[in-house]
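First comes the structure, then the notes that go with it.
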Amino acid sequence: MSVRESVAPPHDGGVPPRRRRPTETPPFPAVSGGFGGVSRPSPFAALPVRVALPLAVIGGLLFALSFPSPGWWFLAYPAVACLLLAAMGQGWRRAAWIGYIGGVAFWVPAISWAGRYLGPVPWLALALFEAAMFALGSVAIALAYRWVARVVTSTGGRVWGLPAVIAALWTGREWFSGSWPYGGFAWGRVGLSQSDSPFAHLAAYIGVLGVSFVVVYCVAVVVSLGLVVPTVPGGSVRLPVRVATAGLLVAAVLAVPAWPTATDGTIRVESVQGNGPAGYFDNAAPGEVLESQVTATDVSAKGVDLVVWPEGSAEFDPRAQPVIASALDSVVQSVGAPIVAGAITQTSSGVLHNTSFVWTADGWQSSYDKKRPVPFGEYVPDRWFFSKLAPSLIGLLQRDYTPGTKPNVLSVAGVKAGIAICFDIVDDGLTRDMARGGAQVILAQTNNADFSGTDENLQQLEIARMRAIETGRSLVNISTVGASQVIDPTGRTIDRVPEYTASSMITDVPLGTSTTPATVASGLIALVLSLGGLLVLLACAPWSRRRA
């Protein structure tokens with residue numbers, strides 16, 4: 001018998017204890033730095049599935065409630081906290097499932113409007129696909145709490161540094177899902193839930209994705225404070241220190257002043273909500289939507305500089321339809337101002353565009369063709385493939401719009417107007433293009449008739465509000481059926497008409513002249529945050545540290 005065997009301690013059951021192989025490390029090794037030099041376990045240990053899974057569901061539901069309606073923006077904070085805690089420390093497979101379930105709990109109620117006319121299949125397909133993006137982000141966050149926490153062992157690093165990585169990864173997931181596939185779906189960002197919150201003004205500095213980063217960072221810091229700040233001798237918790245630190249962080253963020261938006265003069269705009277049968281499945285007679293717009297226009301209004309109608313309001317190309325041209329001429333002559341309207345246009349080669357155009361007393365002047373038609377709404381990508389999966393649904397979408405190439409800034413009534421057609425307003429790049437193109441005001445023309453009775457129009461309106469703040473420009477959000485509002489550069493509503501009401505707004509709209517930091521650098525900020533978070537995560541990966 002060897003000496004090692006002769007002195008081995010006894011053990012229960014006669015089964016020798018398992019020896020750890022030299023290469024094995026526990027998933028969360030003890031970390032030095034406790035009181036008296038005593039090692040303490042990592043504070044970011046994974047919660048049991050029976051706790052993490054309900055926490056993810058609660059987080060997803062709270063997140064959905066932060067968007068209209070009811071639009072309780074403050075619920076985004078506990079929602080993010082729940083989702084972070086649920087993912088924290090989990091293995092990647094478990095984190096993926098937990099994140100996916102949390103994503104389903106968010107997306108299914110948040111975009112229930114997607115099933116208004118086409119039924120549950122497209123609604124659930126979109127929700128489940130976007131939930132997979134949530135799962136991807138959940139994996140990255142879970143790994144960050146495992147890998148980065150092993151490298152960053154100081155209390156300060158874990159309270160202030162690790163949350164920055166977490167927030168960057170969350171922002172990167174939002175950027176990725178808003179970009180891919182088919183141009184992405186940029187709905188459901190944390191920043192977009194904050195249009196009425198004290199954080200909204202930050203959009204002028206860092207853009208919508210930057211607001212997402214700040215909110216998630218603040219929440220992650222609070223979570224770390226609750227887990228990392230050590231206990232004092234005797235076991236009592238330094239609660240005042242945690243509360244004071246969290247309060248100082250939030251106060252520091254809120255102390256950032258609103259960007260000083262500059263305006264130079266106003267333009268009197270008549271924005272017309274016709275409340276016509278503009279839905280894809282409304283089976284309106286030709287000219288019925290046009291007639292509703294003409295009827296709702298106050299032709300006796302005085303001093304109007306510009307008339308704005310919604311998306312698709314003229315129905316078809318007035319250059320090819322004399323009846324439509326005559327109706328537009330009548331409005332222009334009666335009001336004494338040009339009109340910006342929308343129509344389906346077709347090139348000589350048969351290419352269809354969703355177009356916004358300027359019509360004056362001299363007829364057609366200029367136009368913008370929508371650059372980002374909505375996949376499965378305005379065109380079907382890879383139609384051959386999806387027709388095999390859901391032939392009856394795909395068959396309902398008979399026309400395919402082609403992306404335009406023209407600038408989205410038009411000269412009209414002596415000013416430069418940025419044009420956003422419906423879901424254009426959620427696109428980061430198109431928003432920057434308007435501001436960089438010299439737009440003094442943004443005209444957001446939309447048709448929400450396909451989503452009547454849902455929250456889609458309210459959610460889109462809040463996105464428009466964030467874009468007004470981000471660009472420092474007044475924004476006229478004019479819909480066929482509502483919600484239609486005029487929003488000033490600070491995000492304040494200065495005029496509105498009730499939903500599902502045929503009426504118009506006659507508003508003196510301030511013209512913006514300042515350049516916000518977001519219009520210059522928000523794209524770069526989002527890229528740096530996304531790539532930075534990913535690179536830090538990979539640098540802290542176990543295989544990277546072994547090579548080092």
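One is the number of the first residue; the rest follow in order along the sequence.
Across all non-hydrogen atoms, the minimal contact from W107 to G188 is CH2-CA, 3.9 Å. Here the closest non-hydrogen pair linking L162 and A149 is CD2-CB, 4.5 Å. Minimum heavy-atom separation, A186 to L192: O-CD1, 3.4 Å. Looking at every heavy atom in both residues, V165 comes nearest to G533 through CG1-O, 4.1 Å. Residues A105 and L61 come closest through the heavy atom pair O-CD2, 3.4 Å. Contact between P43 and L227 at its shortest, heavy atoms only, is CB-O, 3.2 Å.
Checked for salt-bridge contact, D382 and K388 miss the test: no charged N lies under 4.0 Å from a carboxylate O. Under the 4.0 Å criterion applied to side-chain N and carboxylate O atoms, R467 and D428 are assigned as salt-bridge partners. Salt bridge annotation for K371-D427: absent, with no cationic side-chain nitrogen under 4.0 angstrom from a carboxylate oxygen.
Contact annotation: the side chain of L537 approaches that of L143 to within less than 4.5 Å [non-hydrogen atoms, C-beta and beyond]. Proximity of F376 to L126: side-chain heavy atoms (C-beta onward) are nowhere separated by under 4.5 Å. You'll find the side chain of R399 stays beyond 4.5 Å of the side chain of E378, heavy atoms only. Within the 4.5 Å cutoff, no side-chain heavy atoms of N447 are placed close to those of P310. By the 4.5 Å heavy-atom criterion applied to side chains, M133 and F176 are counted as neighbours. Between W259 and T490 the shortest side-chain heavy-atom distance does not fall below 4.5 Å. Counting only heavy atoms from C-beta outward, the side chains of L430 and D433 approach each other to under 4.5 Å. The closest side-chain heavy-atom distance from I206 to V214 is below 4.5 Å.
Note on ring orientation: taking the six-membered ring where Trp is involved, the planes of F106 and F134 are parallel (angle under 30°, cut-offs 30° and 60°). Ring orientation note: the planes of W97 and Y100 are nearly perpendicular, at an angle over 60° on the 30°/60° scale. Relative ring orientation between W73 and Y77 is described as perpendicular, the plane-to-plane angle rising above 60° on a 0-90° scale split at 30° and 60°. Between Y145 and F44, the angle of the ring planes lies from 30° to 60°, which puts this pair in the tilted group.
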Subject >> Verdict with supporting geometry, T431 and T471, side chain to side chain contact (heavy atoms under 4.5 Å, CB included) >> reply: CA-CA 8 Å; T431 300; T471 59; 3.5 Å; yes
Original post:
Could you go step by step and tell me if C540 and R150 meet the side chain to side chain contact (heavy atoms under 4.5 Å, CB included) rule?
Top reply: CA-CA 8 Å; C540 294; R150 287 191 181 122; over 6 Å; no
**OP:** Apply the test side chain to side chain contact (heavy atoms under 4.5 Å, CB included) to residues R158 and S224: give CA-CA distance (whole Å), side-chain angles for both, the deciding distance (0.1 Å), then the verdict.
**Re:** CA-CA 7 Å; R158 290 180 165 192; S224 287; 5.6 Å; no
**OP:** Verify side chain to side chain contact (heavy atoms under 4.5 Å, CB included) between S479 and Q445, making sure each step is shown before the conclusion.
**Re:** CA-CA 6 Å; S479 168; Q445 301 166 282; over 6 Å; no
**OP:** Evaluate side chain to side chain donor-acceptor pair (under 3.5 Å) for Y205 paired with E470, printing each intermediate quantity in order.
**Re:** CA-CA 7 Å; Y205 291 92; E470 182 178 7; over 6 Å; no
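Counting heavy-atom neighbours within 6.0 Å of W160 CH2, excluding the residue itself, gives a total above 12. Crowding of R432 atom CZ: a count of heavy atoms from other residues, nucleotides or ligands under 6.0 Å exceeding 12.
A distance of 8.5 Å separates CG in L124 from CD1 in I111, rounded to the nearest 0.5 Å. Rounding to the nearest 0.5 Å gives a distance of 5.0 Å between CD1 of I421 and CG of N354. In this structure, L83 CG and L55 CG are separated by 7.5 Å, a value rounded to the nearest 0.5 Å. Annotation: the span from L53 atom CG to L47 atom CG amounts to 11.5 Å, rounded to 0.5 Å. Going from atom OH of Y401 over to atom NE2 of H353 covers 11.5 Å, rounded to the nearest 0.5 Å. One distance of note links SG of C82 with CD1 of I58; it measures 6.0 Å at 0.5 Å rounding.
The backbone N or O of G89 lies less than 3.5 Å from a partner atom in the side chain of R146, making a donor-acceptor pair. Under a 3.5 Å cut-off, the side chain of S193 and the backbone N or O of V190 do form a donor-acceptor pair. Within the 3.5 Å criterion, the main-chain N or O of L254 finds no donor-acceptor partner in the side chain of H201. D400 contributes a side-chain N or O that, together with a main-chain N or O of V380, makes up a donor-acceptor pair within less than 3.5 Å. No donor-acceptor distance shorter than 3.5 angstrom exists from the side chain of W170 to the backbone of S212, with no hydrogens or angles considered. Using a distance-only test at 3.5 Å, with no hydrogens or angles considered, a donor-acceptor pair links the side chain of R116 to the main chain of S452. A donor-acceptor pair is defined here as one N or O able to donate and one able to accept, closer than 3.5 Å; such a pair exists between the side chain of S138 and the backbone of A95. Using modelled atom types, no side-chain atom of S522 and backbone atom of T519 make a donor-acceptor pair closer than 3.5 Å. Panel note: side chain S530, backbone L527; no donor-acceptor pair is recorded below 3.5 Å. Proximity of a side-chain donor or acceptor of Q90 to a complementary backbone N or O of I98 within less than 3.5 Å is not detected.
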Quiz: residues 456-464 side-chain donor-acceptor pairs under 3.5 angstrom, not counting sequence neighbours:
from: E456; atom 1: OE1; to: N448; atom 2: ND2; distance (Å): 2.8
from: N457; atom 1: ND2; to: G482; atom 2: O; distance (Å): 3.2
from: N457; atom 1: ND2; to: E499; atom 2: OE1; distance (Å): 2.8
from: Q459; atom 1: OE1; to: W113; atom 2: NE1; distance (Å): 3.2
from: Q459; atom 1: OE1; to: W187; atom 2: NE1; distance (Å): 2.6
from: Q459; atom 1: NE2; to: P68; atom 2: O; distance (Å): 2.9
from: Q459; atom 1: NE2; to: A110; atom 2: O; distance (Å): 3.0
from: Q460; atom 1: OE1; to: N448; atom 2: ND2; distance (Å): 3.2
from: Q460; atom 1: NE2; to: T446; atom 2: OG1; distance (Å): 3.0
from: E462; atom 1: OE1; to: S195; atom 2: OG; distance (Å): 2.4
from: E462; atom 1: OE1; to: R465; atom 2: NE; distance (Å): 3.2
from: E462; atom 1: OE2; to: R465; atom 2: NH2; distance (Å): 3.4

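If you look at F185 and F129, their ring centroids are not closer than 6.0 Å.
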